[in-house]
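In what follows, a structure is listed as structure tokens, so that the remarks can point back to it.
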Amino acid sequence: MQLQLFASSLPDTEGEYNDLEPDLILALQKEQFELFYQPRVDIRTGTIIGAEALIRWRHPERGLIAPGEFIELAERTGLIVPIGYWVIYRAGMDMQAIKRAQLDIGRIGVNLSFRQFEDRYLSRTIQRLIEKYRIDTSVLEFELTESALFSNEAHVRQGIEELNQLGITFSLDDFGTGYSSFTLLQKLPINSLKIDRSFTSGVIEQQDDREIVKAIINLSRSLNIEVIAEGVETRLQHDFLIEHGCYQAQGFLYSRPMPFQDFLTCCKTASFPRLTKSRPAANPSPYR
Ligand code: C2E
Ligand code: MG
Ligand code: MG
């Protein structure tokens with residue numbers, strides 16, 4: 001009895017996950033997923049120069065569930081594969097709506113899980129999606145984590161090359177948290193590095209974080225690839241980035257992720273719900 005009591009008071013992560021698993025299977029069929037969009041901003045001018053698509057699950061009983069609560073389960077169960085295709089399809093449809101509204105807002109980042117490469121039909125299926133739904137690959141950017149990219153698995157690299165041949169570019173998400181190889185960074189079709197939020201949030205108070213962020217900015221400069229700071233929340237972080245030559249960012253300071261219709265309105269009116277406008281740029285942005 002006592003043992004049972006002990007066991008039931010343990011935080012049961014597996015149990016929690018299993019709890020959501022049957023619902024997750026149905027969620028796709030019942031169209032319970034949504035994509036929110038967080039603008040990517042040229043922080044010198046306050047212009048939207050892209051966005052990241054971030055999945056949400058509108059659960060009938062639990063309300064809006066953040067990806068942190070179900071992506072890992074989706075990865076473990078393999079459901080990330082069909083969910084990942086849905087995300088690409090949905091982002092493609094939204095990109096068409098942006099085009100129909102005659103807006104040019106730059107690239108849309110879509111997160112791609114390392115697990116999705118376990119589907120050997122990945123690039124073929126994505127190619128079919130692109131053709132069927134006329135997805136504009138020139139504005140599609142897949143966000144991969146370093147662990148995905150630098151896993152020694154040849155099929156991941158081959159998949160990346162094949163997707164790149166379809167016109168899709170790549171960015172390295174959560175950069176600085178994994179292991180990267182300088183040579184591979186040069187060889188692979190990487191368009192940008194996204195500085196992980198854990199470093200951005202420390203630039204004012206933590207010497208280590210400050211040095212890491214400066215090093216990543218310098219690395220991107222020598223490799224001639226773009227650099228984007230994730231998770232900018234304060235004006236001081238924003239000023240630090242400008243001072244050190246990182247002109248693209250995402251973060252709550254500019255805007256939180258929002259439903260697509262709100263994002264579209266935001267692009268049309270060129271206004272952010274919470275944007276702190278910076279001074280106009282002295283030089284035109286190299287990224288536009
Ligand atoms: P990520 O790709 O690194 O996305 C950035 C996360 O940071 C998002 O959380 C975003 O809402 C949050 N964020 C942005 N700015 C700020 C800020 O200023 N402060 C703070 N505290 N947070 C900020 P979200 O939407 O909960 O997504 C978490 C992670 O889930 C993503 O991290 C990504 O790894 C994963 N994810 C999201 N959507 C997808 C998807 O469609 N497919 C896959 N495979 N993974 C996804
Ligand atoms: Mg991302
Ligand atoms: Mg990230």
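Counting starts at 1 for both ligands and their atoms, following the listed order.
With respect to E211 and K214, a salt bridge is recorded, a charged nitrogen being found less than 4.0 Å from a carboxylate O. For the pair R115 and E75, the salt-bridge criterion is not met [side-chain N within less than 4.0 Å of a carboxylate O]. Using a 4.0 Å cut-off between a side-chain N of Lys or Arg and a carboxylate O of Asp or Glu, E69 and R62 do not qualify as a salt bridge. Note on E141 versus K194: no salt bridge recorded, every NZ/NE/NH1/NH2 to OD/OE distance being 4.0 Å or above.
Scanning the protein heavy atoms around atom 7 (O) of ligand 1, the nearest turns out to be R197 NE, 4.1 Å. In terms of protein heavy-atom proximity, atom 45 (N) of ligand 1 is closest to N111 CB, 3.7 Å. Of the protein's non-hydrogen atoms, the one nearest atom 6 (C) of ligand 1 is L54 CD2, 4.7 Å. Looking only at protein heavy atoms, the nearest one to atom 5 (C) of ligand 1 is E230 OE2, 3.9 Å. Summary of contacts: the protein heavy atom closest to atom 13 (N) of ligand 1 is F252 CE2, 3.7 Å. Of the protein's non-hydrogen atoms, the one nearest atom 25 (O) of ligand 1 is R56 NH1, 2.8 Å. For atom 1 (P) of ligand 1, the nearest non-hydrogen atom of the protein is D173 OD2, 3.7 Å.
At distances below 3.5 Å, not a single donor-acceptor pair connects side-chain atoms of E146 with backbone N or O atoms of F175. Side-chain N or O atoms of Q38 include one that pairs as donor or acceptor with a backbone N or O of S255 at under 3.5 Å.
For the residue pair R124 / Q127, no side-chain donor-acceptor distance below 3.5 Å is found, with atom types taken as modelled. No side-chain donor from either of Q165 and E161 sits under 3.5 Å from a side-chain acceptor of the other.
The closest approach between a heavy atom of K194 and any atom of ligand 1 is not below 4.0 Å. Under a 4.0 angstrom heavy-atom cut-off, R115 registers as lying outside contact with ligand 1. The closest approach between any non-hydrogen atom of E233 and ligand 1 is below 4.0 Å.
Considering A229, S201, P67 only, the shortest heavy-atom separation from atom 29 (C) of ligand 1 involves P67.
Y37 and F263 have parallel rings, their planes meeting at less than 30° on a 0 to 90° scale where 60° marks the start of perpendicular.
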Tell me, with the steps shown, if I228 and I195 meet side-chain contact (heavy atoms from CB on, under 4.5 Å). CA-CA 6 Å; I228 300 147; I195 305 172; over 6 Å; no
Apply side-chain contact (heavy atoms from CB on, under 4.5 Å) to K99 and V139, showing your working. CA-CA 11 Å; K99 213 171 182 177; V139 285; over 6 Å; no
Stepwise, does the side-chain contact (heavy atoms from CB on, under 4.5 Å) test hold for D94 with I108? CA-CA 10 Å; D94 293 342; I108 301 288; over 6 Å; no
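Two different hydrophobic clusters hold L35 and L54 under the rule that ILVMFWY side chains link at heavy-atom gaps under 4.5 Å.
Each of the atoms 44 (N) of ligand 1 lies under 4.0 Å from some heavy atom of S113. In summary, the atoms of ligand 1 found under 4.0 Å from a heavy atom of V87, numbered by their order in the structure, are 41 (O). For ligand 1, the atoms lying closer than 4.0 Å to a non-hydrogen atom of G251 are 15 (N), 18 (O).
If you look at the Mg ion (ligand 2), the protein N, O or S atoms less than 2.8 Å from it are E52 OE2, N111 OD1, E143 OE1, D173 OD2.
Around the CG atom of D104, the shell of radius 6.0 Å holds no more than 12 heavy atoms that belong to other residues, nucleotides or ligands.
Of the N or O atoms in D174, one or more lie within a sub-3.5 Å distance of an N or O in ligand 1. Residue Q38 has at least one nitrogen or oxygen atom sitting less than 3.5 Å from a nitrogen or oxygen atom of ligand 1, judged on distance alone. Remark: ligand 1 and I55 share an N or O pair separated by less than 3.5 Å (distance only, no angle test).
Using a 4.0 Å cut-off between heavy atoms, R256 makes no contact with ligand 1 at all. Within the 4.0 Å heavy-atom criterion, neither part of L253 lies near ligand 1. The side chain of P257, and not its backbone, has at least one atom closer than 4.0 Å to an atom of ligand 1 (non-hydrogen atoms only; side chain from C-beta on).
Proximity of D173 to E230: side-chain heavy atoms (C-beta onward) are separated by under 4.5 Å at one or more points.
In this structure, the separation between CZ on R44 and CG on L241 is 12.0 Å, given to the nearest 0.5 Å. Separating the CD1 atom in I80 from the OG atom in S113 is a distance of 5.0 Å, to the nearest 0.5 Å.
Shown here, atom 32 (O) of ligand 1 is out of close reach of the protein: none of its heavy atoms lies under 4.0 Å off. Remark: atom 9 (O) of ligand 1 lies closer than 4.0 Å to no protein heavy atom.
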